Amino acid sequence: MKNYRITEHPILEFKRGKKKTFTYNGELVEGYENESVLAALYAAGIRVFSKSKVLGNPRGAFCMIGKCSSCLMEVDGVPNVRICTIPVKDVKNVKSQSELANPPATSSFPGNRPANINVDVLIVGGGPAGLFAAIHAGKYGANVLIVDDHYFLGGQLVKQTHKFFGSRDLFSGIRGFEIAKKLVNQIEQNSNVQAVTQTTVFGIYDGLTVGAYDHKNRRLLKIKAKQVIVATGASENYLVFENNDLPGVMGAGAAQTLMNVYGVKPGERALIVGAGNVGLIVAYQLMQAGVDVVAIVEAMPRIGGYFVHAAKLRRYGVPIYTSHTIKKAHGKNYVEGATIIAIDSRFNEIPGSEKYFEVDLICLAVGLNPYSQLLAQAGCRMAYIPELGGLVPLRNKYQETTVSGLLVAGDVSGIEEASTAMLEGGIAGITAIINIRGKKLKDAFMDREKMLAKLEEIRSGPVFERIRKGLEKVIVSG
Amino acid sequence: MADFLSTGIIDAQTLQKLNLIPSPERIRMGPVAIIECPQEIPCDACVAACPSHAISKTNINSLPRIDFDKCTGCSLCLLACPGLAIFVVDLSPTNGKAYVTVPYEFLPVPKRGDKVALLDRAGSEIGVGEVVKVFMSRDRTYAITLEVDYDKAMSVRAFKISSRR
């Protein structure tokens, strides 16, 4: 059997842990303890993770970070498990699901009673914003709990192999995955901060009582918090084109997760759709993982991402087709090729301008969408802001939403980047502790003012023009 | 002039206009950094990396400025730049050759003495050069110094090993 694991990488060493087998539809699969079940199956050559409900078309995995539902499987008797969020070490038998899933076997739920937890500050999401919020709330004495649905903290920092931009006090020049290690390390050093992983927050109830489900121990958590900070991040956008559901069409971030977190090669030849920073960065990282990048297409007449990211691809000969879009994916059970086409200034296709590329991977890097459902459910006043990527909550400059005690930070409050997410997290964390402890915390106020000033400085540049326009619509006084 | 934002390729003349290129006299005196960062983006990694305090920014988004008299061509900024946008050029050799140092983050890593295909900013092959120095930073970015024909020093910005995976 072909093994798609990367053995040599210019930047990364993969710590996969011990070998461990599990069954997939009754057949033995060899994985490694620390891999996600999805990554282990992908490494074993499995590309179809579900079937469409009506036509029975094969479906691949799209996001690989627990946001979409393309990899739902039955795991040890429990249906509808996102296999991208559980490690191989926790599973024995995995089965693909056809049509509707079987109901869970009652024996698979041990009948644990809900656990009651009381905290000062609950943080939903352990990415850059959530970790920064925890560090700052914890620093001023709050008793903090972070809840994350993945099996390790760090959010999407863990797959960023490039060095970060931004300012030196926010880790400029350091690779993203190294920043994740530093932040997680700071959390571990602070006894005020606890974290639970593999746990999904599913609802916010009256009086800031929060419902969560602990997948690993199979029990409910009822968390009573004085302040709640939602830092759930974002999910990748889809794009409409013919055969866009073929396995091999995936989010650019999904390819990045496979190759940089788990060391699994997502394909051999790739087309990237979208020349924003995500598309450009992932294209370069695919090359580092040994994948040929045949082209990048971008619907706008200009490259959306930073010039420097584009320049480092161009000097290795990767073409970037602006004013082009993908027309069609080719293949029967899996992507075998892609047709792109030029578009005019009104985004109409220009007949006769088609180009065909033989590829087995199509990465969509067409924007992110704030993962804001929890905030809408909790009753926050929301607004659809295209400049910020979608539906986001109104808030004040201290990151407080219109629901008292409920704060927000990071991409869920508008798509920006990691350094602004960290600053928003820090501001939200400090605001939470100020709301609890009152005005005695002089250092906290000063700390928060510094972060507000830094945030304003970063956002003052020309590349943030669109974001500034969006923020004007959602940042309310008070 | 903003055309480089559509193509991802900038030329030496445009860099010159943006004051990002040292004088020919300075480059002939020895190694000097050239920061090909023509867009205002929030980053100060180069400023922090320079031991000679030769690089400055008026705010986090402004274009970097190098004091070419203070720059020693040490390559530390080249290794720190998240955009891999810094190169070190040296026109001091008198044998009709020049040295160009480029950042490199691929496998395989070339060895001293290897002959490699030289690439310009558009990825076109513009000749063959020899690897004269290989230096790895702690975070695994390499600075690879290439000996190239004198007249190609301002064009060579990458290289290709024929067996590159």
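Throughout, a chain's letter reflects where its sequence line sits, starting with A, and its residues are numbered from 1. Quick caveat: nothing in here was measured; it's all calculated off a predicted structure. Side chains are part of it too, since the values below use all heavy atoms of this structure and drop only hydrogens, waters and symmetry mates.
Comparing A/Gly461, A/Ala310, A/Gly317 by how many heavy-atom pairs each has under 4.5 Å with chain B, the most go to A/Gly461. In terms of heavy-atom pairs under 4.5 angstrom with chain A, the leader among B/Val47, B/Thr141, B/Asn59, B/Val109 is B/Thr141. Top candidate by heavy-atom pairs under 4.5 Å with chain B, chosen from A/Glu178, A/Arg315, A/Glu417, A/Lys454, is A/Arg315.
In this structure, chain B has heavy atoms under 4.5 Å from both the backbone and the side chain of A/Ser167. Interface remark: A/Ile296 contributes no atoms to any contact with chain B (heavy atom separation under 4.5 Å). Contacts between B/Ile10 and chain A at a heavy-atom distance below 4.5 Å involve backbone atoms as well as side-chain atoms. For chain B, the nearby part of A/Arg175 is the side chain; its heavy atoms alone come within less than 4.5 Å. Heavy-atom distances place the side chain of A/Phe464, and not its backbone, under 4.5 Å from chain B.
In this structure, A/Ile303 CD1 and B/Gln39 CD are separated by 9.5 Å, a value rounded to the nearest 0.5 Å. Atom SG of residue B/Cys37 and atom OH of residue A/Tyr306 lie 10.0 Å apart, to the nearest 0.5 angstrom. B/Leu107 CG to A/Glu8 CD: the interatomic distance, rounded to the nearest 0.5 Å, is 5.5 Å. In this structure, A/Arg302 CZ and B/Phe4 CZ are separated by 8.5 Å, a value rounded to the nearest 0.5 Å. Taking CG of B/Asn61 as the reference point, atom CD of A/Glu457 lies at 7.5 Å (rounded to 0.5 Å). Interatomic distance, A/Ser460 OG to B/Ile60 CD1, rounded to the nearest 0.5 Å: 9.0 Å.
The interface of residues 63-76 of chain B with chain A, defined by heavy-atom distances below 4.5 Å, is empty. Applying a 4.5 Å heavy-atom cutoff, none of the residues of residues 257-275 of chain A approach chain B. Below 4.5 Å, heavy atoms of chain A meet heavy atoms from B/Leu119, B/Asp120, B/Arg121, B/Ala122, B/Gly123, all part of residues 118-134 of chain B.
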Notebook entry, point to check: Does the salt bridge (Lys or Arg N to Asp or Glu O under 4.0 Å) test come out yes or no for A/Lys312 and B/Glu36, once each step is laid out?
Noted result: CA-CA 11 Å; A/Lys312 70 190 190 194; B/Glu36 302 199 355; over 6 Å; no
Next item on the list: Determine, step by step, whether A/Met287 and B/Glu105 satisfy the side chain to side chain contact (heavy atoms under 4.5 Å, CB included) criterion, reporting the C-alpha distance in whole Å, the side-chain angles of both residues, the deciding distance to 0.1 Å, and the verdict.
Entry: CA-CA 10 Å; A/Met287 291 164 65; B/Glu105 293 186 335; over 6 Å; no
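A/Phe164 is linked by a ring-ring contact (aromatic ring centres under 6.0 Å, His included) to A/His162, counting only residues two or more places apart in sequence or in another chain.
Smallest separation of non-hydrogen atoms from A/Pro301 and B/Ser6: O-CB, 3.9 Å. In terms of heavy-atom proximity, B/Leu5 sits nearest to A/Phe307 at CD2-CB, 3.9 Å.
Counted within 6.0 Å of CZ on B/Arg112, heavy atoms from surrounding residues, nucleotides or ligands total 12 or fewer; the atom is thus considered open. Atom CD of A/Glu449 sits in a crowded spot, with more than 12 heavy atoms from other residues, nucleotides or ligands closer than 6.0 Å.
In this structure, A/Lys163 contributes its side chain and B/Leu84 its backbone to no donor-acceptor pair below 3.5 Å.
Separation of the B/Phe106 and A/Tyr284 ring centroids falls under the 6.0 Å cut-off.
In this structure the side chain of B/Ile41 reaches within 4.5 angstrom of the side chain of A/Val308, judged on heavy atoms.
For the side-chain contact (heavy atoms from CB on, under 4.5 Å) with B/Pro42, the lone residue among A/Leu170, A/Val463, A/Thr420 that qualifies is A/Val463.
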